[in-house]
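Side chains are part of it too, since the values below use all heavy atoms of this structure and drop only hydrogens, waters and symmetry mates. Numbers restart at 1 for each chain; the letters A, B, ... are given by sequence-line order, proteins then strands.
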Amino acid sequence: MPTVSAAPRRSETHLELHLRPSLFIPELRTRKKSSVLEEMVAHLAEHRIARQAQAVLEVLRQREALGSTGLGKGIAVPHARSTMVTERAVLLARSTKGVEFDSIDGNPVHLCFLIVAPPVDRDPIYLQMLAEIVKAVRLAPVRKKILEAADFASIRSLIGAQLA
Amino acid sequence: MNTKLQALVALQDLDLMIREAKDPEQATREEELGFPLSGVDKLERTRDRLAKQIDEQLLQRYERMSRRFTRVVVPVEGRVCLGCFMGLPTATRRNIDPGTVEHCENCGRILYRL
Ligand SMILES: [Zn+2]
């Protein structure tokens with residue numbers, strides 16, 4: 001009988017299930033909060049996650065008016081729900097030079113996780129993913145590795161390891 | 001999408017955000033994760049400004065239906081209302097002129113098409 005050497009695979013977190021290579025911007029072109037949000041929403045529109053880029057952008061801007069989603073330590077997690085979003089999605093974007101994002105600590109943002117979702121009644125997964133992102137990037141060496149990773153697959157496994 | 005509806009969609013999204021920011025459970029959870037929610041007043045002022053741009057009759061209908069449904073303005077996909085998932089009669093589609101606002105004959109929600 002063949003021996004099974006691999007340990008049973010743990011089930012993936014919501015965040016990992018939402019991380020898709022097509023929803024990854026390895027290096028942002030722009031360096032200001034408002035243009036970065038624009039760049040990211042345009043990417044969502046290209047992938048048909050935003051039905052109308054302008055409407056989704058407006059919701060994200062309003063969300064920033066509620067309180068900046070720049071968490072500090074180079075991380076931002078802009079998030080909002082909009083009628084014009086077709087499905088829950090996470091878009092990861094990196095900026096080596098850093099983005100001015102009104103962060104709590106005033107530092108530029110290097111990793112930006114954008115979460116969007118349609119406005120269903122209660123969406124526990126949406127909030128859970130927010131928590132998973134915060135947990136995944138809490139360590140400085142991990143943030144550095146995500147920023148320097150050569151491909152999306154390595155980023156995904158780095159994040160997975162933090163959530164295991 | 002017509003401009004009347006565009007403003008209404010923005011209002012609906014803003015209402016949802018305000019509702020969530022005022023929900024004690026959800027607000028606490030976000031704040032614990034490091035997201036301060038200090039601008040609710042600002043959003044409410046934006047909401048008032050936006051509401052003034054919307055046709056009065058349409059706004060009243062929206063407000064009335066908001067008590068029943070989380071989402072009052074919903075998309076049509078194929079010929080199905082994505083609020084109640086019922087098929088819409090083809091006549092509804094043929095007779096629309098770009099200035100009118102459509103309603104679902106089954107649930108009454110306000111419909112938009114892209
Ligand atoms: Zn309906």
Chain B neighbours within [range], where any heavy atom lies under 4.5 Å away:
range: residues 126-137 of chain A; value: A:L127, A:Q128, A:L130, A:A131, A:V134
range: residues 36-56 of chain A; value: A:R51, A:Q52
range: residues 61-69 of chain A; value: A:Q62, A:R63, A:A65, A:L66, A:G67, A:S68, A:T69

Around B:E56, counting heavy atoms of other residues, nucleotides and ligands shown, do more than 12 lie under 6.0 Å from its CD?
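Result for CD/B:E56: open.
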For A:E27, does the CD atom sit with more than 12 other heavy atoms under 6.0 Å from it, leaving out its own atoms?
yes
Between B:D13 (side chain only) and A:V59 (backbone N and O only), is there a donor and an acceptor less than 3.5 Å apart?
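Absent.
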In terms of heavy-atom pairs under 4.5 Å with chain A, which of B:Q6, B:R29, B:E30 leads?
B:E30
For [X], is it the side chain, the backbone, both, or neither that has a heavy atom closer than 4.5 Å to a heavy atom of chain A?
X: B:E32; result: neither
X: B:L82; result: side chain
X: B:Y112; result: side chain

Please check if [X] and [Y] belong to a single hydrophobic cluster, counting links between Ile, Leu, Val, Met, Phe, Trp and Tyr side chain heavy atoms closer than 4.5 Å.
X: A:L91; Y: A:F152; result: no
X: A:V116; Y: A:I75; result: no
X: A:I115; Y: A:I146; result: yes
X: A:V109; Y: A:I104; result: no
X: A:I125; Y: A:L23; result: no

A:P119 and B:L16: which non-hydrogen atoms are nearest, and at how many Å?
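In terms of heavy atoms, the two residues are closest at CB-CD2, 3.3 Å.
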Enumerate by number any residue of residues 36-43 of chain B whose heavy atoms lie under 4.5 Å from heavy atoms of chain A; in the absence of such residues, state 'none'.
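Checking residues 36-43 of chain B against chain A gives B:P36, B:L37, B:S38, B:G39, B:V40, B:K42, B:L43.
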